[in-house]
Each structure stands twice: as C-alpha cells, then as structure tokens.
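Accompanying notes for the structure given below.
Keep in mind that the numbers below use all heavy atoms, side chains included, and drop hydrogens, waters and symmetry copies. Every number for a ligand or one of its atoms is a count from 1 in the order of the listing.
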Amino acid sequence: MVRRQIEGRGVSDPRVLTAMRSVPRHRFVSRALASDAYKDHPLPIAAGQTISQPYIVALMAEAAVIGPDDRVLEVGTGSGYGAAVLAELSGSVISVERHRKLADSAARVLSELGYANATVMCADGSQGHPPGAPYDAVVVTAAASSIPPHLMDQLADGGRLVIPIGPPSFSQNLTLVRRVGDETTSERFCPVRFVPLVEDA
Ligand code: SAH
C-alpha cells in the first residue's frame, strides 16, 4: 500500500510513510471489509460515512507538517484511522466526531491499539474544541464551503489547517491554510471528494 499508492504518488516525508506503515488499517473497518482495507480507495463505515483512501490520509498528514510534540485537532473522526495516523506523528490528538456510534467505536479501537495520546470527543467539530486550543495543526476530514472561523481562531501562531473546501456534492479543493501572527496564507493543492462537514449550529 505505502510503496505503490503513497510513495508512488509523491508523498515523501519519512515520518508520514512510517506512520502509514504502522497503523493497522483493517482494524478500522468492518470484518466484512477487512480484506479490502489496504486497497486504493475509500470504504464505507457506519452511519453512511467513509474512511478516506489511504493516499489522501497520507497527503493531508504530510501537508499539515506535524512535529513529534505538536498538538493536533482532527474534525471528523469517522473510523478513527486518520486519528491513529495523526497520533503516530504528533504529541497529542483530539478528534471530534458528531455521530456517537462512530465516536464510541473509534475510541474503542484507538484504545485497544494503545494510542493513549488520542482522545475522541462526540460534538460538532465545526466549533473546534476550545479547551485544547491552540493547535499546531488542524485536519478536517469533511468538506466545508468556506473556512470555519472557529477552527482558524484555535490555530496556533505558525499553525497549519488542512481542509477540503468546496460544494458538498462535487469535488472540493484540498486547502492548506497557514497562520503566522495575524496573517494567513492559503494554498489549494489537489481536488478531493469528502462527505460534508455538517454545521449543526
Ligand atoms: N477521518 C475519518 C474519515 C472521516 S469521514 C477516518 O479516518 O475514518 C468524515 C466524518 O466527519 C464523518 O464521520 C462525519 O460524521 C464527520 N463529521 C461531519 N461533520 C462533522 C462535524 N460538524 N463535527 C464532527 N464530525 C463531523
């Protein structure tokens, strides 16, 4: 999976490649889909949601330039797979999921696999998670029409936000936003297709 789907498409950060080799992806899908877990596409999980294609998980992790002591916020826990990859790379991860069933199941698998630095919260992640802020990196795994202001507010100076921006039923642009002081720069780097970020408020 890593050599062909991920390195083969240009992801080169050795820490990201090691993380992608370390996380047992089959543990984050149903038993019936376990034999498809390392294939080059997204897969269905509970509540009508999806676990992203491995390459996209790696691409987002690389774009977020995560250091070993970083505090990371993930919005959209889904299966918990992305949170495990982020936990391999960072000091701590808070991952927020709005579906209780997914949040509980992700928390259980992450705990069984020993990811003591990953915490799953059941809440509306478009609000971020203010008690853990500021975050060195925020990774959003659901598509928003524009950059959610709460997530920008919770980004540390020097922090990176990686988020698919665009209309929910079409393809979106994977976007990297960097904050330096009061300035932000934003860069689109790849078309992607994600489930919508639900804004409950
Ligand atoms: N990173 C996941 C894939 C997530 S799919 C994985 O590795 O499996 C996107 C997830 O975002 C879905 O589970 C969906 O329920 C969740 N989501 C959508 N809007 C949300 C919101 N406002 N707050 C928290 N989670 C949200």
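- Among the atoms of Val198, some N or O lies under 3.5 angstrom from an N or O of ligand 1.
- Distances shorter than 4.0 angstrom do not occur between any heavy atom of Ala106 and any atom of ligand 1.
- Taking every heavy atom of Thr50 and a limit of under 4.0 angstrom, the matching atoms of ligand 1 come to 3 (C), 4 (C), 5 (S).
- Under the 4.0 angstrom criterion for non-hydrogen atoms, Val57 is not in contact with ligand 1.
- Ligand 1 places these atoms under 4.0 Å from at least one heavy atom of Ile51: 8 (O).
- Atom CD of Glu112 has more than 12 heavy atoms from other residues, nucleotides or ligands within 6.0 Å.
- Taking every non-hydrogen atom of Leu102 and a distance limit under 4.0 Å, the qualifying atoms of ligand 1 come out as 13 (O).
- With ligand atoms numbered from 1 in the order given, ligand 1 contributes 18 (C), 19 (N) to contacts under 4.0 Å with heavy atoms of Pro196.
- Salt-bridge formation is not detected for the pair Arg160/Glu187: no Lys NZ or Arg NE/NH1/NH2 atom is positioned less than 4.0 Å from an Asp or Glu carboxylate oxygen.
- In terms of modelled atom types and a separation under 3.5 Å, the side chain of Tyr38 and the main chain of His26 share a donor-acceptor contact.
- Side-chain atoms of Gln154 come within 3.5 Å of backbone N or O of His129 as a donor-acceptor pair.
- When Cys122, Ala144, Gly128, Ser79 are checked for heavy-atom proximity to atom 6 (C) of ligand 1, Ser79 turns out nearest.
- Taken from CD in Glu62 to CD1 in Ile6, the straight-line distance is 10.5 Å, to the nearest 0.5 Å.
- Salt bridge status for Arg9 with Asp40: present, with a side-chain N to carboxylate O gap under 4.0 Å.
- Each of the atoms 23 (N), 24 (C) of ligand 1 lies under 4.0 Å from some heavy atom of Ala123.
- Here Arg98 has heavy atoms under 4.0 Å from ligand 1 in both its backbone and its side chain.
- Between the side chains of His150 and Gln127, a donor-acceptor pair is found at a separation under 3.5 Å.
- Close contacts between ligand 1 and Gly82 involve ligand atoms 7 (O) [criterion: under 4.0 Å to a heavy atom].
- Annotation: Leu197 places no N or O atom under 3.5 Å from an N or O atom of ligand 1; distance criterion only.
- Within the listing of ligand 1, atoms 1 (N), 2 (C), 6 (C), 8 (O) sit less than 4.0 angstrom from a heavy atom of Thr77.
- The OG atom of Ser92 lies 10.0 Å from the CG atom of Leu73; values are rounded to the nearest 0.5 Å.
- In summary, the atoms of ligand 1 found under 4.0 Å from a heavy atom of Ser126, numbered by their order in the structure, are 22 (N).
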Practice prompt. Please lay out, stage by stage, how Phe28 and Leu113 fare under the test side-chain contact (heavy atoms from CB on, under 4.5 Å).
Written response: CA-CA 11 Å; Phe28 294 88; Leu113 293 172; 3.6 Å; yes
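- At least one N or O atom of Gly125 sits closer than 3.5 Å to an N or O atom of ligand 1.
- Any N or O atom pair closer than 3.5 Å counts here, and Ser52 shares no such pair with ligand 1.
- Between Arg15 and Glu88 no salt bridge is recorded (no basic side-chain N to carboxylate O distance below 4.0 Å).
- Residue contacts with ligand 1 for Asp124 involve both N, CA, C or O and side-chain atoms from C-beta outward (heavy atoms, distance under 4.0 Å).
- Applying the 6.0 Å contact sphere to CZ of Arg188 captures no more than 12 heavy atoms from other residues, nucleotides or ligands.
- Scanning Arg25, Met121, Glu74, Glu97 for the heavy atom closest to atom 13 (O) of ligand 1 points to Glu97.
- Salt-bridge check for Arg100 with Asp104: passed, with a basic side-chain N closer than 4.0 Å to an acidic carboxylate O.
- The option from Gly78, Ala47, Gly76, Pro54 that lies nearest to atom 11 (O) of ligand 1, judged by heavy atoms, is Gly76.
- The closest approach between Ala83 and ligand 1 stays at or above 4.0 Å for every heavy atom of the residue.
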